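What follows is a set of notes on a single structure, which appears directly below.
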Amino acid sequence: MIYLDFAASTPLLQSVKEELFRAFEEEYANPSSAHKLGLLSAEKIEDVRSLIADSIGAYKSEILFTSGATESNNLAIKGYVLANRSKGRHIITSSIEHKCILAICHFLEKEHDYDITYIPPQKNGVVDAQDVIAAMREDTVLVSIMHVNNELGSIQPIATIGQACFDKNIKFHVDAAQSYKKIPIDVDELNIDMLSISAHKIYGPKGIGAVYIRDLRETRIQPVIHGAGQEYGLRGGTLATPLILGFGAAVKDHTIEHSINSVLGLNKYLREAVSELGGISNTPEQQFIPHILNIRLPNFDASQFVTNSMYLCSQGSACSSMNLEASYVLKAIGASFEESFSSIRLSISHQTEISSIKDLIFQLKVYID
Ligand SMILES: *Cc1c(COP(=O)(O)O)cnc(C)c1O
């Protein structure tokens with residue numbers, strides 16, 4: 001089997017695996033304990049916090065550990081807006097956000113009377129920053145736009161939106177689960193106030209992530225998980241030492257350079273081959289990361305291919321692939337029901353070999369003939 005679903009999740013790096021095994025064995029103390037063993041783990045956890053902070057140009061005191069990007073998104077969005085209700089009840093997001101962002105927004109709409117504007121993308125899968133800016137109002141408290149779309153790989157104009165949010169004093173949250181370690185991120189340069197990341201998208205373990213919150217101590221945030229005071233009282237629960245240290249190994253060893261170089265060539269090869277098969281790319285020609293390529297082929301039953309073939313990929317995102325609904329992301333860029341059912345998302349990595357891509361193209365050719 002050939003794994004072409006790295007946007008859904010990634011295998012562990014060797015160094016991550018080793019650190020996980022070591023930490024599960026040795027770092028069993030509670031990192032909140034006052035004794036030597038607890039303190040030792042706590043110190044290592046703080047090192048990972050620094051490492052993550054440095055990797056996005058933040059301070060260590062602005063990083064909270066969570067169970068993943070889903071929880072980070074919940075804490076950033078619900079935590080901020082519900083603690084700052086008096087500032088207004090309007091939120092701007094896009095219609096192609098990850099399912100969890102849309103679910104959070106629907107909850108706020110239904111249960112807390114928030115008014116949410118969902119900005120549709122342009123045909124190329126990129127949200128126009130001017131559309132976001134035009135939707136800003138007096139009572140807008142938060143803008144949440146993803147950095148890279150998980151189904152298309154399109155890059156959103158984060159810097160322009162961030163600048164506008166800064167000028168208008170609106171908080172700006174970015175779901176960076178697909179961009180972290182694929183595109184450089186500097187929260188000051190991009191004017192980002194809150195940022196969500198996940199370890200299992202960067203060759204780290206599942207079940208651990210982080211959220212950056214600018215000026216955390218001065219920002220009012222309501223906890224989503226109430227607990228015994230961990231993580232400045234904002235995220236209860238004993239810190240998962242092994243997972244955090246495994247996350248740290250991934251942050252350290254999975255560099256952007258590592259991730260980009262070989263993937264660009266594979267992307268180019270794939271695009272050309274798909275076009276020779278009479279297919280098209282749903283991923284834009286510009287403003288994309290090379291790791292994700294969403295393609296549509298003629299006479300192609302995508303769901304059959306996804307369930308039966310030895311090439312492991314997705315129809316839309318992994319989370320929605322169990323439903324028989326058309327992808328809302330492809331719909332948002334104008335694809336018909338039929339078009340979306342003849343599209344697949346291929347996501348590749350530095351571990352992907354060109355020979356696998358060549359075999360895939362051969363298989364696809366047989367499949368559509
Ligand atoms: C994977 C993903 C998430 C969810 O991350 P988890 O760590 O699995 O909760 C959220 N947003 C985007 C864009 C993703 O790709």
Side-chain angles (χ1 to χ4, degrees), residues 3-12 16 52 56 63-79 93-107 118 121 125-127 143-156 158 172-183 185 192 194-212 224-225 235 237 240 243-244 246-247 250-251 254 259 283 287-294 313-322 327-330 332 345-349:
Y3 192 71
L4 299 171
D5 203 19
F6 291 89
S9 198
T10 54
L12 298 173
V16 171
I52 293 173
I56 57 169
I63 305 293
L64 297 176
F65 289 108
T66 64
S67 62
T70 301
E71 189 189 326
S72 294
N73 289 339
N74 272 272
L75 185 54
I77 299 179
K78 291 196 294 203
T93 188
S94 83
S95 61
I96 56 167
E97 294 299 306
H98 189 270
K99 265 263 161 74
C100 66
I101 298 270
L102 298 178
I104 294 164
C105 288
H106 292 155
F107 165 77
Y118 300 92
V126 177
V127 170
V143 172
S144 180
I145 301 287
M146 72 200 321
H147 197 178
V148 165
N149 179 269
N150 51 305
E151 289 193 35
L152 300 171
S154 51
I155 303 174
Q156 309 304 323
I158 296 305
F172 183 34
H173 168 255
V174 173
D175 177 348
Q178 291 293 345
S179 64
Y180 182 56
K181 292 285 174 175
K182 298 196 185 89
I183 305 177
I185 297 174
I192 294 169
M194 300 189 276
L195 183 101
S196 303
I197 59 175
S198 175
H200 78 95
K201 303 286 172 80
I202 62 156
Y203 306 83
K206 290 166 189 57
I208 189 76
V211 60
Y212 154 77
V224 172
I225 299 178
R235 202 283 185 175
L243 297 182
I244 292 171
F247 189 7
V251 171
H254 184 62
S259 126
T283 300
Q287 294 171 271
F288 65 91
I289 55 162
H291 310 72
I292 298 178
L293 190 64
N294 196 309
C313 58
S314 304
Q315 237 188 313
S317 68
C319 340
S320 8
S321 58
M322 291 301 171
S327 150
Y328 62 91
V329 173
L330 292 178
R345 176 189 71 179
L346 304 167
S347 48
I348 57 181
S349 102

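What you see is a predicted model; the values in this text were computed from it and never measured. Both ligands and their constituent atoms are indexed starting at 1 by order of listing.
By the criterion of a heavy-atom distance under 4.0 Å, neither the backbone nor the side chain of Lys206 is placed next to ligand 1. In Ala177, the part holding a heavy atom less than 4.0 Å from any atom of ligand 1 is the side chain. Contacts between Thr70 and ligand 1, counted as non-hydrogen atom pairs separated by less than 4.0 Å, involve both the backbone and the side chain. Under 4.0 Å from ligand 1, the heavy atoms of His200 that appear belong solely to its side chain.
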Candidate pair Ile155 and His147, rule side-chain contact (heavy atoms from CB on, under 4.5 Å), full reasoning: CA-CA 6 Å; Ile155 303 174; His147 197 178; 4.2 Å; yes
Dump the intermediate steps for side-chain contact (heavy atoms from CB on, under 4.5 Å) on Asn294 and Phe288, then the final yes or no. CA-CA 11 Å; Asn294 196 309; Phe288 65 91; over 6 Å; no
Kindly indicate, with the supporting measurements, whether the criterion side-chain contact (heavy atoms from CB on, under 4.5 Å) is fulfilled by Tyr180 and Leu195. CA-CA 10 Å; Tyr180 182 56; Leu195 183 101; 5.5 Å; no
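Between Ser95 and Leu102 the shortest heavy-atom distance is O-CD1, 4.2 Å. The minimum heavy-atom distance between Pro205 and Val16, with the atom names listed, is CD-CG1, 3.9 Å. Minimum interatomic distance between Ser196 and Asn73 (heavy atoms only, all atoms of both residues): OG-OD1, 2.6 Å. In terms of heavy-atom proximity, Thr10 sits nearest to His200 at OG1-O, 2.7 Å.
By the 3.5 Å distance cut-off applied to N or O atoms, Lys201 is counted among the residues near ligand 1. Between Ser67 and ligand 1, no N or O atom pair is found at a separation short of 3.5 Å. Checking only distances, Gln178 does come within under 3.5 Å of ligand 1, N or O to N or O. Ligand 1 has a nitrogen or oxygen under 3.5 angstrom from a nitrogen or oxygen of Ala69.
Close approach of ligand 1 to Ser198 is summarised as follows: ligand atoms under 4.0 Å from at least one heavy atom of the residue are 6 (P), 7 (O). Contact atoms of ligand 1 toward Asn150: 15 (O) (distance under 4.0 Å to a heavy atom of the residue).
A tilted orientation is assigned to the rings of Tyr203 and Phe6, their planes being inclined by 30° to 60°.
Given atom 3 (C) of ligand 1, the protein heavy atom at minimum distance is His98 NE2, 3.5 Å. Looking at atom 11 (N) of ligand 1, its nearest protein heavy atom turns out to be Asp175 OD2, 2.7 Å.
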